[in-house]
J.: 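Dropping a structure here in structure tokens format, bear with me for questions.
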Amino acid sequence: MKVLYPFLGVLVCSALAAQQFNHQLPIPPLLTGTTFNLTINDTVHQFNPGVNTNTFAFNGTILGPTLEMHKWDTIQMNVTNHLNEVTTVHWHGLHVPAKEDGGPHTVVPVDSTWSPSFRMLNNASTCWYHPHTHMETMRQVNMGLAGMIIIRDSAEEQLNLPRTYGVDDFPVVIQDRSLDGNGQFLFNALADSVIVNGATRPYMEAPAQMVRMRVLNGANARAFIIAFSDNRPFYVIASDGGLIGAPDTVTSLKITNGERYEIIVDFTNDNPGDSLYMICKGSQFAAAEPGGSGNQSGNSALNGVDYNIMQINVVAQTSSPVTTLPQTLIPVTPWQQSLASVTRNKSMMGMGMYDMGMMSINGLTFDMNVINDTIYKDAIEIWNVSNNSPQVSHPFHIHDIQFYILDRNGLPPQPYESGLKDVIYLKAGETVSFITKFENFTDSVTPYMYHCHNLHHEDMGMMLQFIVIEDPNASTEEIAQQNAQISAMPNPTQDNWIINTESFASNAQWTLTDVNGKAVQSGNTNGRTQVSVNAASLATGVYFFTINDGERTSRIQLIRN
Ligand code: C2O
Ligand code: CU
Ligand code: CU
């Protein structure tokens, strides 16, 4: 298929150097709490004054609000679809039951409200939400439907990191778009102009201190190689699933579709009034990469060249700036390979030199009615995902779980790729192995997806689906025990342990005992799914939390430090 690039009047200036970055970076409104209302509208947005572009948006006129959620909270979403077409909303990166995941099976009809509810089990991280409609994902995302999710937890909150939204902690949603001569979106896989948080040629104001940027590649197909115009080093602190072991110093960072990286940029030695650019080092792409100069990419002005993404104007420090970074972040402890019970090989492939034909995984294309993999709950699995296309890159993404990369082409992952992830960039010929565990949720009917996150490829069928079911070989007792898992955060602590008791009946009895077996506190869950146990009043040392709901018992060791 030959993509046409008609004259583009609005988004693009031909002389890159002459572009004025004169649109203040929009910071999407931050919604907090546990109930989130999203209304999907068919609306118009002005990228430049006086030119109405038809858009789809959550609540506003482009993209959607940022949703702030806390680990362990029970979240209630209300998604109302006021488009003239069906859609779905997927919580990309969240570990939620398949029915609440918003895949192509969970359609939100026109003028109706979908109200999924789920427990937030993810660690502090940056996730996002977007439509996942059968064969329409790219068009609906391209029309403007995407938003960020920020998850917070106590482990992350204990670190001295910038986290004031819009002040020293910024959402940076990078996409590319093309408009036709009438100011309407084109639906090219690779477009001509970059938008950040829905704005063309944006500038942001960065205080002269450590600044956190939550970078999401929300583009249809284009990858970006993030860097700064003065080539300054910056620090990766988190990837898709949350913090990595320690800040990783880089000078450029490739980010593919659906992927997130949290980076810290140090402006401590910059003066108010200084300015620089976040850039894409597009000249470093191989020709066939989505952003490279190869003919697959058509003649987009952004292909194969370095270009500015966003101007950064340094402003005065805030009152309590973060000026140094922690040396370490969180312990990274992948599952042991020896515990893996299943290995799956997945080969992503397109046909022809530039993948113009069928897009498949293991020779199969997406069929709503076929379950491609059946996985047992609590199985630890190793997946070897390879890109066997002759030239084209494929970003692989899997729903439900986060994984740890074991190796990339036989080599250990770079530090920035060593934390929990849900997307991997695969150039032609690459193989990545990862390990994961399919915990918590079973559903023999509604599947989860795994697919290429190049939205064009996804819509062409480079997507398969899996269900997670109870292991039929496990005894009822084993299953009951597996289901009776509890966890405590933070542990150790000096103030409170929050115990997740979700898998227990609502009137479970709990007891906290000391090392001598003496009960020091007790209570009942009373309909709640978490218990807060006061540690501040206790002597330092080891304690045991035991919970029983009449059928099952579980015990966890707690440390008061
Ligand atoms: Cu971001 Cu299956 O999607
Ligand atoms: Cu997803
Ligand atoms: Cu692909």
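Just so you know, residue 1 is the first one in the sequence shown, and it goes up from there. Hydrogens, waters and symmetry mates play no part in the numbers below; they use all other heavy atoms, side chains included. As the structure lists them, so they are numbered: ligands from 1, and atoms in each ligand from 1.
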J.: Checking N142 against N220: is there a side-chain donor and acceptor pair closer than 3.5 Å?
T.: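 The answer is yes; a qualifying pair exists.
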J.: For H451 and H132, test the side chains for any donor-to-acceptor distance below 3.5 angstrom and give the result as yes or no.
T.: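 Short answer, yes.
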J.: Using 2.8 Å as a strict upper limit, say whether an N, O or S atom of H451 approaches atom 2 (Cu) of ligand 1 that closely.
T.: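 Yes.
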J.: Is it true that atom CE of M135 has more than 12 heavy atoms of other residues, nucleotides or ligands lying nearer than 6.0 Å?
T.: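 No, CE of M135 has 12 or fewer neighbouring heavy atoms, counting only those of other groups under 6.0 Å.
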J.: Do any of the N/O/S atoms of H90, backbone or side chain, fall under 2.8 Å from the Cu ion (ligand 2)?
T.: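 Looking at H90, which is the residue asked about, there is an N, O or S atom under 2.8 Å from the Cu ion (ligand 2).
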J.: Give the atom name of whichever N/O/S atom in H457 sits closest to the Cu ion (ligand 3).
T.: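 The H457 atom nearest to the Cu ion (ligand 3), restricting to N, O or S, is ND1.
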J.: Measure from the Cu ion (ligand 3) to every N/O/S atom of H394 and report the name of the nearest one.
T.: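 It is ND1, the N, O or S atom of H394 closest to the Cu ion (ligand 3).
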J.: For the residue pair H399 and H92, categorise the inter-ring angle as parallel (less than 30°), tilted (30 to 60°) or perpendicular (more than 60°).
T.: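 Aromatic pair H399/H92 classed tilted.
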J.: Check R163 with D169, please: is the shortest side-chain N to carboxylate O separation under 4.0 Å?
T.: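 No salt bridge links D169 with R163.
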J.: Look at H397 and state whether any of its N, O or S atoms is less than 2.8 Å from the Cu ion (ligand 2).
T.: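 An N, O or S atom of H397 is closer than 2.8 Å to the Cu ion (ligand 2), so yes.
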J.: Does C452 put an N, O or S atom under 2.8 Å from the Cu ion (ligand 3)?
T.: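 Of the N, O and S atoms in C452, at least one lies under 2.8 Å from the Cu ion (ligand 3), which means yes.
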J.: Quick check: does H453 have an N/O/S atom under 2.8 Å of the Cu ion (ligand 3)?
T.: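 Checking H453: none of its N, O or S atoms is under 2.8 Å.
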J.: Check H132 and report its N/O/S atom nearest to atom 2 (Cu) of ligand 1, by atom name.
T.: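 Atom 2 (Cu) of ligand 1 is closest to the H132 atom NE2, counting only N, O or S.
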J.: For atom 2 (Cu) of ligand 1, does an N/O/S atom of H399 lie at less than 2.8 Å?
T.: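 It does; at least one qualifying atom falls short of 2.8 Å.
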J.: Parallel, tilted or perpendicular: which fits the ring planes of H95 and F441, with parallel below 30° and perpendicular above 60°?
T.: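 Ring orientation of H95 relative to F441: tilted.
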J.: Hydrogens and angles aside, do N303 and R222 bring a side-chain donor and acceptor to less than 3.5 Å of each other?
T.: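 The answer is yes; a qualifying pair exists.
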